[in-house]
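Basis for what follows: all heavy atoms, side chains included, without hydrogens, waters or symmetry-related copies. A note on names: the letters A, B, ... follow the listed sequences, proteins ahead of strands, and every chain is numbered from 1.
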Amino acid sequence: MAQLTLHDSLTRSTAPFVPLDPAHVRVYYCGPTVYDLLHIGNLRAMLTADVLVRLLRRLYPRVTFVRNITDVDDKINARAAELGIGIAALADGTIAELHADLAAAGVLPPDIEPRATHHVGEMIALIASLVASGYAYAAEGHVLFSVRHFPEYGRLSGRNPDELLAGARVEVAPYKRDPGDFVLWKPSTSELPGWDSPWGRGRPGWHIECSAMAERYLGASFDIHGGGSDLLFPHHENERAQSLCGYPGSSFATVWLHNAMLNVEGEKMSKSLGNFRTIRDVLQDAPAEALRLLLLGTHYRSVLDFTRAGLDKARHTLDRFYRAIQHSGADAEGPVPDEVLHALCQDLNSPAAIAVMHRLADAAMAGRQSAGEGLRAAGRLVGLLQADPEQWFRAGTDADAVEQAIAERLAARKARDFARADAIRARLLADGVVLEDGPAGTTWRRA
RNA sequence: GGUCCGGUGGCAGAGUGGUGAUGCAGCGGACUGCAAAUCCGCGAAUGUGGGUUCGAUUCCCGCCCGGACCUCCA
């Protein structure tokens with residue numbers, strides 16, 4: 001069996017992945033904050049996790065993948081107030097949209113998708129334990145984690161706690177003992193969502209939810225924790241501090257996986273630049289597999305540039321793969337080719353796996369059915385090539401009308417009236433249908 | 001200011017201490033009424049200056065350039 005190696009952000013090195021329990025691999029990913037539709041940056045993180053989990057499921061007998069939903073947060077409060085609805089209603093609606101978008105994008109659902117608001121009790125218990133053991137303190141209705149009590153603080157993100165605040169852009173709240181201390185619990189006014197706690201009515205800080213939910217579903221020590229690289233600090237650094245101090249003797253995550261960010265047409269995606277692309281938006285004008293192939297075309301730890309041209313190219317590549325499958329006569333999946341598995345096992349090297357798929361496509365095009373079957377199998381491992389080729393090439397077209405036009409054109413060609421034949425072909429092309437004349441007659445597909 | 005990451009052919013994008021994947025684009029050819037698709041062939045790259053080494057794109061140092069993060073953005 002291929003040995004999986006992964007890059008660990010904590011050690012900043014790539015090493016063989018050794019599960020705590022080979023019979024049961026456990027993965028936690030930080031999921032979205034549900035106040036708006038998912039964008040393609042969110043999707044990149046989800047997709048990295050998706051490929052990781054698909055691969056782990058091939059390599060190990062049992063995998064539990066937990067991806068949380070943050071449904072209590074100041075941004076949610078603000079948006080709910082803006083819309084004049086409750087946070088639960090906003091969260092429920094957003095979660096339904098999120099599930100629809102991810103299903104459309106071909107992202108498999110996690111095994112467990114815990115919501116923060118359903119685990120406030122666990123968070124309060126964890127905070128109480130941190131207070132009792134001296135790692136946290138209450139002040140003015142807040143509970144704060146005391147960074148100075150955790151000597152390893154800063155190790156994950158490579159930061160020196162003493163220097164951390166030197167360039168910070170925020171004012172330090174007066175109730176903090178050290179500027180780097182972060183909030184575990186904060187008070188809520190009567191109009192804000194809140195829960196009763198030993199420190200009064202309030203709501204949890206952002207970081208504590210992941211510590212509590214990861215422990216609840218995976219145990220205090222588990223295998224892989226992932227998320228976008230922007231979460232490395234402070235979110236993951238803080239989670240790690242909370243969990244290591246709150247669950248003595250535990251190791252929290254063995255491997256920390258972080259995917260790089262995504263740009264749009266060369267610029268950072270941001271609301272102010274107006275280049276924010278939601279999944280839904282992109283799927284309006286490209287098949288989901290094209291979006292997926294585009295994202296997998298760059299290694300997850302490199303910054304990826306999302307471009308319209310790239311999306312079109314991805315679609316043409318898929319045309320080539322589907323054509324090869326069709327040509328090889330592969331109507332079923334074969335075993336996953338070793339080269340593909342091997343590529344993915346090298347720290348999820350999806351671009352290398354895609355390169356192998358191109359070679360398989362060459363062989364399939366040459367008529368090797370087993371190559372076509374291998375291509376399909378490789379596709380499934382990375383969530384591609386799941387459509388029926390016929391469907392892929394002809395979805396959204398009026399087959400009867402096209403067949404009729406082809407018959408007319410054939411008659412024109414037989415009469416050597418090429419002007420008329422070409423006019424028919426041009427008309428179909430304008431309607432998004434491409435004709436291909438082969439020895440066996442004329443075939444067609446959408447452009 | 002601090003920390004970190006990266007600079008590979010026209011473009012996208014892997015890998016590697018010893019003749020630099022893969023795709024797109026380009027060029028020549030086959031096929032075609034013309035195309036499309038497919039096939040054959042061709043040209044084309046490791047930011048910069050040093051160091052280590054028999055040999056560096058790969059390791060080390062300086063420089064230049066780009067990017068990310070620095071308290072709640074995947």
I want to check one thing: is the phosphate of B:rU22, taken as OP1 and OP2, less than 4.0 Å away from some side-chain N or O of A:Lys313?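 For B:rU22, neither OP1 nor OP2 has a side-chain N or O of A:Lys313 closer than 4.0 Å.
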
Report yes if at least one side-chain N or O of A:Ser229 is closer than 4.0 Å to OP1 or OP2 of B:rA68; otherwise report no.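 No, outside the criterion.
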
Please give the distance between the [atom1] atoms of [N] and [M] as a whole number of Å.
N      : M      : atom1 : answer
B:rG49 : B:rG9  : P     : 16 Å
B:rG15 : B:rG20 : C1'   : 9 Å
B:rC60 : B:rU52 : C1'   : 7 Å
B:rG7  : B:rA14 : P     : 9 Å
B:rC34 : B:rG23 : P     : 28 Å
B:rG26 : B:rA44 : C1'   : 10 Å
B:rC70 : B:rC11 : C1'   : 34 Å
B:rU46 : B:rG6  : C1'   : 14 Å

Give [X] one of three labels, base, sugar-phosphate or nothing, depending on what nucleic acid heavy atoms sit under 4.0 Å from its own.
X        : value
A:Lys186 : base
A:Leu38  : nothing
A:Leu435 : base
A:Gly310 : nothing
A:Arg409 : base

Heavy atoms from C-beta onward define the side chain here; which of [options] lies closest to that of [X]?
X        : options                : result
A:Lys268 : B:rA68, B:rA74, B:rC24 : B:rA68
A:Met269 : B:rC34, B:rA14, B:rA74 : B:rA74
A:Asp230 : B:rA14, B:rU38, B:rC69 : B:rC69
A:Val303 : B:rU71, B:rA74, B:rG67 : B:rG67
A:Glu436 : B:rA36, B:rG23, B:rU38 : B:rA36
A:His299 : B:rA74, B:rA14, B:rA37 : B:rA14

Let me know, please, whether A:Arg416 or A:Thr298 comes out on the 5' side of the other along RNA chain B by nearest nucleotide.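 This one resolves to A:Thr298.
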
Would you say the base of [N] and the side-chain of [X] have a donor-acceptor pair closer than 3.5 Å?
X        : N      : answer
A:Asn263 : B:rG67 : no
A:Arg445 : B:rA37 : no
A:Arg413 : B:rG33 : yes
A:Asp74  : B:rC72 : no
A:Arg159 : B:rC4  : no
A:His258 : B:rA74 : no

Just how far, in rounded Å, is [atom2] of [N] from [atom1] of [X]?
X        : N      : atom1 : atom2 : answer
A:Trp185 : B:rU71 : CH2   : C1'   : 19 Å
A:Asp305 : B:rG23 : CG    : P     : 22 Å
A:Met365 : B:rA37 : CE    : C1'   : 8 Å
A:Asp181 : B:rC72 : CG    : P     : 16 Å
A:Arg12  : B:rC4  : CZ    : C1'   : 7 Å
A:Phe393 : B:rA37 : CZ    : P     : 11 Å
A:Glu237 : B:rC4  : CD    : P     : 14 Å
A:His235 : B:rU71 : NE2   : C1'   : 12 Å

Ring centers of [X], [Y] separated by less than 6.0 Å:
X        : Y        : result
A:Trp256 : A:His236 : yes
A:His39  : A:Phe306 : no
A:Tyr28  : A:Tyr217 : no

For RNA chain B, the residues among residues 344-360 of chain A that have a non-hydrogen atom under 4.0 Å from it: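 Those residues are A:Asn349, A:Pro351, A:Ala352, A:Ala355, A:His358, A:Arg359.
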
Report, as yes or no, whether the 6.0 Å neighbourhood of atom CD on A:Gln391 holds more than 12 heavy atoms from other residues, nucleotides or ligands.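 Atom CD in A:Gln391 is not packed in, count stays at 12 or less.
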
Using both distances under 3.5 Å as the test, list the Watson-Crick or G-U wobble partner of [N], or none.
N      : result
B:rC59 : B:rG51
B:rG26 : B:rC42
B:rU16 : none
B:rG6  : B:rC65

What's the separation between atom CG in A:Leu37 and atom CG in A:Asp281, rounded to the nearest 0.5 Å?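 Between A:Leu37 CG and A:Asp281 CG, I get 9.5 Å after rounding to 0.5 Å.
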
Between CG of A:Asp36 and CG of A:Leu90, what distance do you get to the nearest 0.5 Å?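 Those atoms lie 9.0 Å apart.
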
A:Asp319 vs A:Arg446, test: salt bridge (charged side-chain N to carboxylate O under 4.0 Å, His left out). Steps then yes/no. CA-CA 10 Å; A:Asp319 283 348; A:Arg446 55 109 191 89; 2.9 Å; yes

Indicate yes or no: does A:Asp181 engage A:Lys176 in a salt bridge with an N to O separation below 4.0 Å.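 So A:Asp181 does not pair with A:Lys176 through a salt bridge.
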
I'd like to know if A:Asp312 and A:Arg315 make a salt bridge, using a cut-off of under 4.0 Å between side-chain N and carboxylate O.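 No.
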
Could you check whether the rings of A:Trp199 and A:Trp185 sit parallel, tilted or perpendicular, using 30° and 60° as the cut-offs?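 Geometry flag for A:Trp185 against A:Trp199: tilted rings.
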
Would A:Ser188 and A:Arg203 count as having a side-chain donor-acceptor pair, cut-off 3.5 Å?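 A:Ser188 vs A:Arg203: donor-acceptor pair found between side chains.
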
